[in-house]
> 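Just dropping this structure here.
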Amino acid sequence: MNTPPASSASPRSARVTAVVAGLAAVCLLAAGCSGSGSDGADSDQGAAGAGTARLKVALITHGAKGDTFWERVRKGAQAAAAKDDIELTYTSDPGAAAQADLVRDAIKDKVDGIAVTLAKPDAMKSAIAQAKAAGIPVVGLNSGIDAWRSAGLLQFFGQDESTAGRALGDKLNALKVRHALCVIHEQGNVGLEARCAGVKKTFTGDTENLYVNGTDLDTVTAALAARLNQDSSIDEVVTLGAQFALSAVKSVDQSNSKAKIATFDLDHDIVGAIKSGDVQFAVDQQPYLQGYLAVDSLWLYKSNGNFSGGGSAPVLTGPAFVTKQNIADVARFAANGTR
């Protein structure tokens, strides 16, 4: 057997070779931990987002222009879109037919997912069916908790309006209210109608509905003041949106009524009104959370096949009562425009 010749390298060369080999081993170990062979568990995207293309999502609501409630929904949706690297478009129209047309526009734009409100479900069914036929998943938020499954939506995020109304009715009983006026600012909106119907189910006093034009706050104030002038027995005004509660405060002053005011929904101004005692309490359904969950759910569905509630149960975001006793807990978030 031939013996290999002895190495002629110097001791210094041998030391250099050893150092280089050691460095190479370290690099190989590092590559094994975080290189292309990684499963991505520690990456910013996470396992579900690995290798997925950027999604286009349309959020389409029935919100009226300038309504601060929908700005909170939009902020939540934008936060989820930023986290998930989603290209988000937001459009709205309080007219049911026009809102359905916005859904059809999103289909033509070949979006990857649609989040929609169902204030008037029957008007939206055809557009939603077209989206499903085009292979676009659709989720619901805010309005339509009793109609989202029959409309063919994948998931729903919002408040059970009937449950919220019943809870408010119980609270009025505890406050010894006798005659409640429930102010509906959009006739035919299933969510608003359900709130007042829920109040009537549990409230043991007299309940009546007053329909007003929610797109004109001056007429809301005038209509409320007129009704309070007509009937001094009304001792509670229940509004279904934060801005309408502030109109009610003006109406009570103008009519010299002794009625108290409670409202659904919360914003920065209502925080101040609760602190001052002008408004007794607000029922918070967390609109920011609704927008966030709706958009994030579409990313989870497209990237990992997840859907909340098993496709049969909604994800509830309310109700929660905000009163003078706990207003400090949410005040700083309301100042940021997220509660």
Side-chain angles (χ1 to χ4, degrees), residues 60-73 92-100 116-124 140-148 151 156-169 171-172 180-203 207-217 219-221 223-224 227 234 236-248 251 261-267 270 279 281-287 290-291 314 316-322:
I60 303 166
T61 78
H62 65 278
K65 185 177 181 181
D67 190 329
T68 57
F69 177 91
W70 294 104
E71 283 304 307
R72 283 158 171 72
V73 173
S92 67
D93 200 300
Q99 187 191 6
V116 69
T117 60
L118 297 179
K120 296 173 181 175
D122 289 342
M124 300 298 294
L141 69 152
N142 180 259
S143 298
I145 196 167
D146 294 324
W148 67 276
F156 183 87
F157 306 91
Q159 175 175 265
D160 186 319
E161 304 295 10
S162 179
T163 298
R166 293 196 298 270
L168 191 147
K171 195 165 186 67
L172 296 185
L181 182 68
C182 198
V183 184
I184 300 177
H185 57 267
E186 184 186 343
Q187 191 164 2
N189 182 317
V190 294
L192 302 184
E193 298 280 357
R195 288 179 179 181
C196 289
V199 172
K200 192 170 184 177
K201 283 182 179 179
T202 55
F203 178 50
T207 305
E208 66 172 283
N209 294 348
L210 177 67
Y211 291 90
V212 296
N213 177 12
T215 62
D216 186 339
L217 290 179
T219 64
V220 172
T221 301
L224 267 170
R227 185 69 191 100
I234 297 171
E236 190 81 32
V237 176
V238 178
T239 61
L240 307 184
Q243 69 270 43
F244 306 109
L246 300 178
S247 292
S251 300
I261 300 164
T263 190
F264 285 82
D265 301 335
L266 185 73
D267 67 12
I270 290 299
V279 174
F281 61 86
V283 181
D284 184 20
Q285 63 173 308
Q286 303 187 93
Q290 292 175 5
L316 298 182
T317 63
F321 285 100
V322 179

> Quick one: list whatever passes salt bridge (charged side-chain N to carboxylate O under 4.0 Å, His left out) with Asp122, sequence neighbours left out.
Lys125

> Locate the shortest heavy-atom distance separating Gly63 from Pro94; write the atom from each residue and the value.
O-CD, 3.8 Å

> Under the 3.5 angstrom rule, does the side chain of Gln286 hit a backbone N or O of Thr317 as a donor-acceptor pair?
yes

> Can you list the residues that meet the side chain to side chain contact (heavy atoms under 4.5 Å, CB included) rule with Thr202, with sequence neighbours excluded?
Arg166, Asp170

> side-chain contact (heavy atoms from CB on, under 4.5 Å), that's the test. Do Val238 and Phe264 meet it? Break it down for me.
CA-CA 8 Å; Val238 178; Phe264 285 82; 4.1 Å; yes

> Return all side-chain donor-acceptor pairs below 3.5 angstrom for residues 189-201, not counting sequence neighbours, or 'none' if the list is empty.
unit_1, atom_1, unit_2, atom_2, d
Asn189, OD1, Gly191, N, 3.0
Asn189, OD1, Leu192, N, 3.3
Asn189, ND2, Glu186, OE1, 3.2
Glu193, OE1, Tyr211, OH, 3.1
Glu193, OE2, Tyr211, OH, 3.2
Arg195, NE, Glu161, OE1, 2.9
Arg195, NH1, Leu240, O, 2.8
Arg195, NH2, Glu161, OE2, 3.4

> Kindly write out the residues that satisfy side chain to side chain donor-acceptor pair (under 3.5 Å) with Asn209, not counting sequence neighbours, or none if the list is empty.
none

> List the residues meeting side chain to side chain donor-acceptor pair (under 3.5 Å) with Asp160, not counting sequence neighbours, and say none if there are none.
Thr163

> Do Asn142 and Phe69 have side chains that get closer than 4.5 Å, going by heavy atoms?
yes

> Could you pull out the closest heavy-atom pair between Val237 and Ala248, with the gap in Å?
CG1-CB, 4.0 Å

> Could you tell me which non-hydrogen atom of Pro314 sits nearest to which non-hydrogen atom of Ile145, and how far apart they are?
CG-CD1, 4.0 Å

> What distance separates Trp148 CH2 from Ser143 OG, expressed to the nearest 0.5 Å?
15.0 Å

> Quick one: CZ on Phe203 to CG on Leu172, what's the gap to the nearest 0.5 Å?
5.5 Å

> Mind checking what makes side chain to side chain contact (heavy atoms under 4.5 Å, CB included) contact with Ser251, not counting sequence neighbours?
Thr221, Leu224, Ala225, Leu228

> Which residues satisfy the ring pair (Phe, Tyr, Trp, His ring centres under 6.0 Å) test with Phe244, sequence neighbours excluded?
His185

> Among residues at least two apart in sequence or on other chains, which ones pass ring pair (Phe, Tyr, Trp, His ring centres under 6.0 Å) with Phe321?
Phe281

> Taking side chain to side chain contact (heavy atoms under 4.5 Å, CB included) as the definition, give me every residue that meets it alongside Ala96, ordered by chain and number, with sequence neighbours left out.
Lys120, Ala123

> Within this structure, what is the CG-CD1 distance for the pair Leu181 and Ile261, rounded to the nearest 0.5 Å?
11.0 Å

> What residues form a side chain to side chain donor-acceptor pair (under 3.5 Å) with Gln99, not counting sequence neighbours?
Thr117

> If you take all heavy atoms of Leu118 and Ala151, which pair is closest and at what distance?
CD1-CB, 4.1 Å

> List in chain and number order the residues that pass salt bridge (charged side-chain N to carboxylate O under 4.0 Å, His left out) with Arg227, two or more places apart in sequence or in another chain; answer none if no residue qualifies.
Glu208, Asp231

> Looking only at heavy atoms, what is the nearest atom pair of Ala245 and Val279, with distance?
CB-CG2, 4.4 Å

> Working to the nearest 0.5 angstrom, can you tell me the gap between Asp265 CG and Asp67 CG?
8.5 Å

> Sequence neighbours excluded, which residues qualify as side chain to side chain donor-acceptor pair (under 3.5 Å) partners of Thr68?
Asp267

> Ignoring hydrogens, what is the shortest heavy-atom contact between Gly158 and Gln290? Give both atom names and the distance.
CA-NE2, 3.7 Å

